[in-house]
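For the numbers below, each heavy atom of this structure counts, side chains included, while hydrogens, waters and symmetry mates do not. Note on naming: letters A, B, ... go to the chains in the order of the sequence lines (proteins, then strands), and numbering restarts at 1 for each one.
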Number of protein chains: 2
Amino acid sequence: MPLGRPRAERADAKRNRLRLLAVAREMVAEHGTANVTMDALAERAGLGKGTVFRRFGTRAGIFKALLEDEASRFQELVLAGPPPLGPGAGPAERLIAYGRVRIEFLIDNLAVAQAAMERDRGLPVAEVDMTHTHFRMLLARADLGIADLDSLALQLSAALEGPLLLFLSSPQDAEPPAAEIERRLADAWQALIERLFRMDAPPES
Amino acid sequence: MPLGRPRAERADAKRNRLRLLAVAREMVAEHGTANVTMDALAERAGLGKGTVFRRFGTRAGIFKALLEDEASRFQELVLAGPPPLGPGAGPAERLIAYGRVRIEFLIDNLAVAQAAMERDRGLPVAEVDMTHTHFRMLLARADLGIADLDSLALQLSAALEGPLLLFLSSPQDAEPPAAEIERRLADAWQALIERLFRMDAPPES
DNA sequence: CTCATAAACGGACTTCACCCCGTTTATATT
DNA sequence: AATATAAACGGGGTGAAGTCCGTTTATGAG
């Protein structure tokens, strides 16, 4: 069965997809994610609701797309930008730099990131996939004495993103200001990586 | 304003709460979490839908209650049981033991745990609170050279539970059997803690 | 240019979580 | 036992996600 290639997105489909993303961005900017309903989005874009679902599959799908769009340029920096984020620095330095930037990104887009999580189906894979893949690569370069690098990468991904995706409540909870949260998480991340890589002072014994 | 104490749960309320939990457990056992709708649960329990919401607030609330119920005896073991899970062992040993048991518990109750996550509001706090609190206590006992123990506890909680709550897709994905996942995660968790606590071989340099 | 067809479209329809509020009941007090 | 009242109950109502399917349209082939 030759299958043929997926036959390129039809012109109207592409136009509508971009349109919907733009309108969604507007709506998020105006009233936050809460009021982005499928009906409202469809109407404001001048399209049918069926079209919205056809394009994005699910409500979370819209926010995933929004996020990936934002994240793509960041991904380039990671893959080909200047150190310490890009190639050239050691694995630990790159992990630390990645963590800082990723935390900043997630905090800036927290509402969208949380809205991008699927309800029952547990996998916001796309959400995290970039991080996991990158970590696996960096850990392979470092020579830790740990066998299952895949699981370690998964755990570190969770350690980095979990506090924001899982535990932080509503976006503008105001309790601790976002900047404060960002600083604490970034510092803690750095401390964790430094200790894992034994970059801090050795034990006093 | 004296407030008075909350005035004890009324008898009928308690009866209905327990009834609903029992029925919910049955339904989960029979058809998984997906078919536990508020209407179905209410009808099968012979109660009104309003009552279900009054008792549990939200659909996720039901699963949270189910989970806490299961977890309470486990919590006793952690607080007062025999080492290495309970008091008596060192912090690292207790962290490792806790991780093993917690992973097993989460895998056994994965569908419920995932259904217990709130949709938008990012905090399944109850879900994780026990872990976070316990970790903070253990880390305070250990003398790592890390300042922000609160954040570290948060990260470790995420590293332990995130892989299951965030990344693992559908419960019986069958790809890797549950037992295999459990083993890998538990081993990886142990390796992570050992390295953090420098219990493995020191660096060769 | 015409036609065939796969793809996209739209919007009514279904299902479900969650809200509301008039009615009923447990319990404490006399 | 009678009563007051806070709490609990029930189930109809609402809004939004996701489905279905008959209709329309882009596009490649002849």
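In this structure, A:Glu76 does not pair ionically with A:Arg73, as no charged nitrogen and carboxylate oxygen lie closer than 4.0 Å. A salt bridge is defined here as a Lys NZ or Arg NE, NH1 or NH2 lying under 4.0 Å from an Asp or Glu carboxylate O, and B:Arg17 with B:Glu9 meets this definition. Under a 4.0 Å N-O distance rule, the pair B:Arg100/B:Asp187 qualifies as a salt bridge. Salt-bridge annotation for B:Glu30 and B:Arg44: present, with a side-chain N of the basic residue lying under 4.0 Å from a carboxylate O of the acidic one.
A heavy-atom distance below 4.0 Å to DNA chain D is reached by these residues of residues 45-54 of chain A, ordered by number: A:Lys49, A:Phe53. Of the residues in residues 15-32 of chain A, those with a non-hydrogen atom less than 4.0 angstrom from any atom of DNA chain C are A:Asn16.
Taking side-chain N and O atoms only, A:Thr58 has a distance below 4.0 Å to OP1 or OP2 of D:dG18.
Rounded to an integer number of Å, the gap from CG of A:Leu41 to P of D:dG15 is 19 Å. Atom CE of A:Met38 and atom P of D:dA17 are 6 Å apart (whole Å). Straight-line distance from the NZ atom of A:Lys14 to the P atom of D:dT27: 12 Å, rounded to whole Å.
Mapping B:Ala13 and A:Asp39 onto DNA chain D via the closest heavy atom, the residue that lands nearer the 5' end is B:Ala13. The residue among B:Val36 and B:Ala11 whose nearest nucleotide of DNA chain C lies closer to the 5′ end is B:Val36.
You'll find that the side chain of B:Arg55 is closest to D:dC9, out of C:dA17, D:dC9, C:dT27.
The base of C:dA7 sits within donor-acceptor range of the side chain of A:Arg10, with an N or O pair under 3.5 Å.
With axes fitted over five pairs at each extremity, the angle between the ends of the helix from C:dC1-D:dG30 to C:dT30-D:dA1 is 20° (10° resolution).
Between A:Tyr98 and A:Phe105, the ring center distance fails the sub-6.0 Å criterion.
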